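Since the structure comes first, as structure tokens, the remarks are kept for the end.
Since this is a predicted model, take the numbers as computed values, not measurements. Letters A, B, ... mirror the listed sequences (proteins, then strands); counts begin at 1.
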2 protein chains.
Amino acid sequence: MATDLVDETQGGADDPRTLHQQVLARLRQSILLGRIEPGQALTIRGLAADLGVSAMPVREALRQLVAERALELMDNRRVRIPPMTIERFDDLIAARVVLEAEAAARAMPYVTEGLIARLEAEDAVINEAEAARDYDTWIGANFAFHAMLYGAAGQSAFLPLIESLWLQIGPFLRRAMRTLSGHYTVDRHSEALAALRRRDTMALRIAIEADIRDGIAHIGSTLIRSEALGATGVQGTLRQAQG
Amino acid sequence: MATDLVDETQGGADDPRTLHQQVLARLRQSILLGRIEPGQALTIRGLAADLGVSAMPVREALRQLVAERALELMDNRRVRIPPMTIERFDDLIAARVVLEAEAAARAMPYVTEGLIARLEAEDAVINEAEAARDYDTWIGANFAFHAMLYGAAGQSAFLPLIESLWLQIGPFLRRAMRTLSGHYTVDRHSEALAALRRRDTMALRIAIEADIRDGIAHIGSTLIRSEALGATGVQGTLRQAQG
DNA sequence: CATGCCGCCATGTGATCACATTTTTGCGGG
DNA sequence: CCCGCAAAAATGTGATCACATGGCGGCATG
């Protein structure tokens with residue numbers, strides 16, 4: 001009864017990372033790509049069984065994801081994806097806009113031709129994925145595009161904060177994209193790339209903000225249709241697969 | 001050989017929180033108030049002995065603080081306070097400015113007379129602490145003032161991000177304040193309170209940004225004087241007190 | 001006296017176990 | 001047929017243990 005909740009492919013036997021780091025990476029990706037349903041039961045033993053590890057690495061990974069606000073520790077001491085509300089969603093978008101616009105502007109001095117070329121390559125992946133309706137690739141490449149830009153100056157204090165925001169939005173982004181397939185938008189990444197080539201910081205800020213806003217504006221309406229997504233939902237009865 | 005690294009007073013026997021939550025709270029406060037020296041050895045067993053708990057809660061608390069970027073996991077798998085560089089410090093301040101200015105502006109609609117009164121009370125505590133050179137109280141009340149404002153609308157997605165930034169700055173803020181005792185500054189909190197009373201969002205943004213910038217501007221010079229604070233330093237040989 | 005090597009000790013990681021609490025299930029009565 | 005209560009299963013929390021790794025000092029050697 002093993003679910004496809006996590007990517008079983010990655011993580012070889014000679015992975016230099018600790019087990020809890022591997023578990024963390026896999027769970028993080030699952031959340032980011034919306035593979036975990038809001039409301040789904042997330043138990044230590046269940047995840048451990050699914051991932052083929054003991055409980056300890058899972059415990060540590062869950063704790064870390066709680067700290068990043070990707071998961072929420074309830075009063076029952078159980079962990080879940082935090083339910084989304086309109087207010088919280090609005091907060092998350094506002095935080096993304098100010099943080100990512102600033103991060104992009106601050107990355108400008110470090111933008112090289114090579115970086116622009118790599119961004120263009122990533123943008124091509126995004127466009128292909130969009131045409132093919134491949135949402136996993138689309139979401140992943142989209143984040144890679146932004147992260148590549150913000151990390152141009154090397155490790156930045158902005159990136160972890162932004163990543164936390166993505167993790168909080170991820171589960172609902174995927175759900176909204178399923179309902180709203182084929183939404184036509186202006187290619188904001190092209191605008192951003194043009195701004196980068198011109199070294200036009202202000203235009204870059206505008207492009208990034210526009211990309212964030214109309215990339216997810218329609219989620220708001222999804223939220224309105226089903227108030228407090230994830231607040232109710234299938235509680236448990238999905239992780240009984242173990243002896 | 002127990003250090004005064006953590007506040008031993010809090011945390012009764014009938015604390016409803018789990019042990020790891022108590023440990024987390026105490027470590028977090030220690031970091032925020034700069035009671036942990038950058039470069040100081042932070043071992044699981046050592047902290048557990050200091051706190052009178054087993055290793056398990058400490059492990060989980062450390063993991064959570066690593067996720068919040070308050071601590072850093074080195075390649076040795078050992079944990080430390082991340083060394084500060086001028087670039088990182090600059091990033092942290094920039095992130096604080098955009099996040100806190102936005103958080104303050106978004107809190108404006110929820111500002112009541114009662115909140116303003118409570119902020120004034122907190123500001124009084126800050127001024128007293130500054131006069132008395134009581135840095136612990138000063139830092140704590142300062143954060144309480146800001147958190148109170150940003151949390152006016154209830155739980156905000158901004159607050160955890162901002163808290164992470166405070167935790168990253170904390171250890172060095174304290175160090176810089178020790179060297180720069182008695183720095184005269186305009187009372188930006190008064191300006192912020194005045195803006196709140198007038199419901200002047202733009203003035204509030206300006207006051208918050210000014211408060212952040214000149215509250216810690218002098219730390220930059222401290223950093224320049226001792227390049228890469230915490231990069232070198234007393235490595236370990238301080239947590240041998242156990243057996 | 002300086003330097004490189006070896007062994008010991010401390011540490012992080014992961015596994016397993018016991019216990020208290022919560023959740024689910026099953027049964028009996030209304 | 002529905003509701004409530006009790007038993008049973010499941011879960012989170014914390015403790016302890018085994019093991020591999022890394023750091024440190026002592027020791028022998030040049």
Taking atom P of C/dT22 as reference, at what distance in whole Å does atom CZ of A/Arg80 sit? 16 Å
Those residues at least two apart in sequence (or on a different chain) that pass side chain to side chain donor-acceptor pair (under 3.5 Å) with B/Asn76 are none
List in chain and number order the residues that pass side chain to side chain donor-acceptor pair (under 3.5 Å) with B/Thr18, two or more places apart in sequence or in another chain; answer none if no residue qualifies. B/His20, B/Gln21
Between the side chain of B/Gln40 and the main-chain N/O of B/Glu37, is any donor-acceptor distance below 3.5 Å? yes
What are the atom names and distances for every N/O pair under 3.5 Å that joins the protein to nucleotides 14-19 of chain C?
from   : atom 1 : to      : atom 2 : distance (Å)
C/dG14 : OP1    : A/Leu19 : N      : 2.2
C/dG14 : N7     : B/Arg59 : NH1    : 3.2
C/dG14 : N7     : B/Arg59 : NH2    : 3.1
C/dG14 : O6     : B/Arg59 : NH1    : 3.3
C/dA15 : OP2    : A/Ser54 : N      : 3.4
C/dA15 : OP2    : A/Ser54 : OG     : 2.1
C/dA15 : O5'    : A/Ser54 : OG     : 3.2

Residues in salt bridge (Lys or Arg N to Asp or Glu O under 4.0 Å) with A/Arg69, at least two apart? none
Taking only nitrogen or oxygen atoms into account, show me every contact under 3.5 Å that the protein makes with nucleotides 6-9 of chain C, one pair per line with its distance.
none

A/Leu42 CG to C/dT22 C1': how many Å, rounded? 17 Å
May I ask you to verify if any side-chain N or O of B/Asn76 is less than 4.0 angstrom from the OP1 or OP2 atom of C/dG12? no
Going by atom types alone, do B/Gln64 and B/Arg28 pair a side-chain donor with an acceptor below 3.5 Å? no
Atom-to-atom span, CG of B/Leu47 to C1' of C/dA10 - whole angstrom: 14 Å
Kindly determine whether B/Leu161 and B/Leu165 satisfy side-chain contact (heavy atoms from CB on, under 4.5 Å), including the steps that lead there. CA-CA 7 Å; B/Leu161 302 175; B/Leu165 293 170; 5.8 Å; no
Atom pair CD1 (A/Ile44) and OG (A/Ser54), whose distance is rounded to the nearest 0.5 Å: 10.5 Å
Can you tell me how far C1' of D/dT11 sits from CG of A/Leu62, to the nearest Å? 12 Å
Side chains of B/Leu119 and B/Met148 in contact at under 4.5 Å (non-hydrogen atoms): yes
Going by atom types alone, do B/Arg88 and B/Gln168 pair a side-chain donor with an acceptor below 3.5 Å? yes
When the nearest nucleotide of DNA chain C is assigned to A/Arg78 and to B/Ile44 on a heavy-atom basis, which residue is associated with the more 5' position? B/Ile44
Ignoring hydrogens and angles, tell me if any N or O in the side chain of A/Ser156 forms a donor-acceptor pair with the backbone of A/Gly151 under 3.5 Å. no
Rounded to 10°, the helix from C/dC1-D/dG30 to C/dG30-D/dC1 deviates from straight, judged by its five-pair end axes, by 10°
Output the rounded distance in Å from CZ (A/Arg77) to P (C/dT22). 8 Å
Look at the side chain of B/Glu163 and the backbone N and O of B/Pro160, then say whether any donor-acceptor pair between them is shorter than 3.5 Å. no
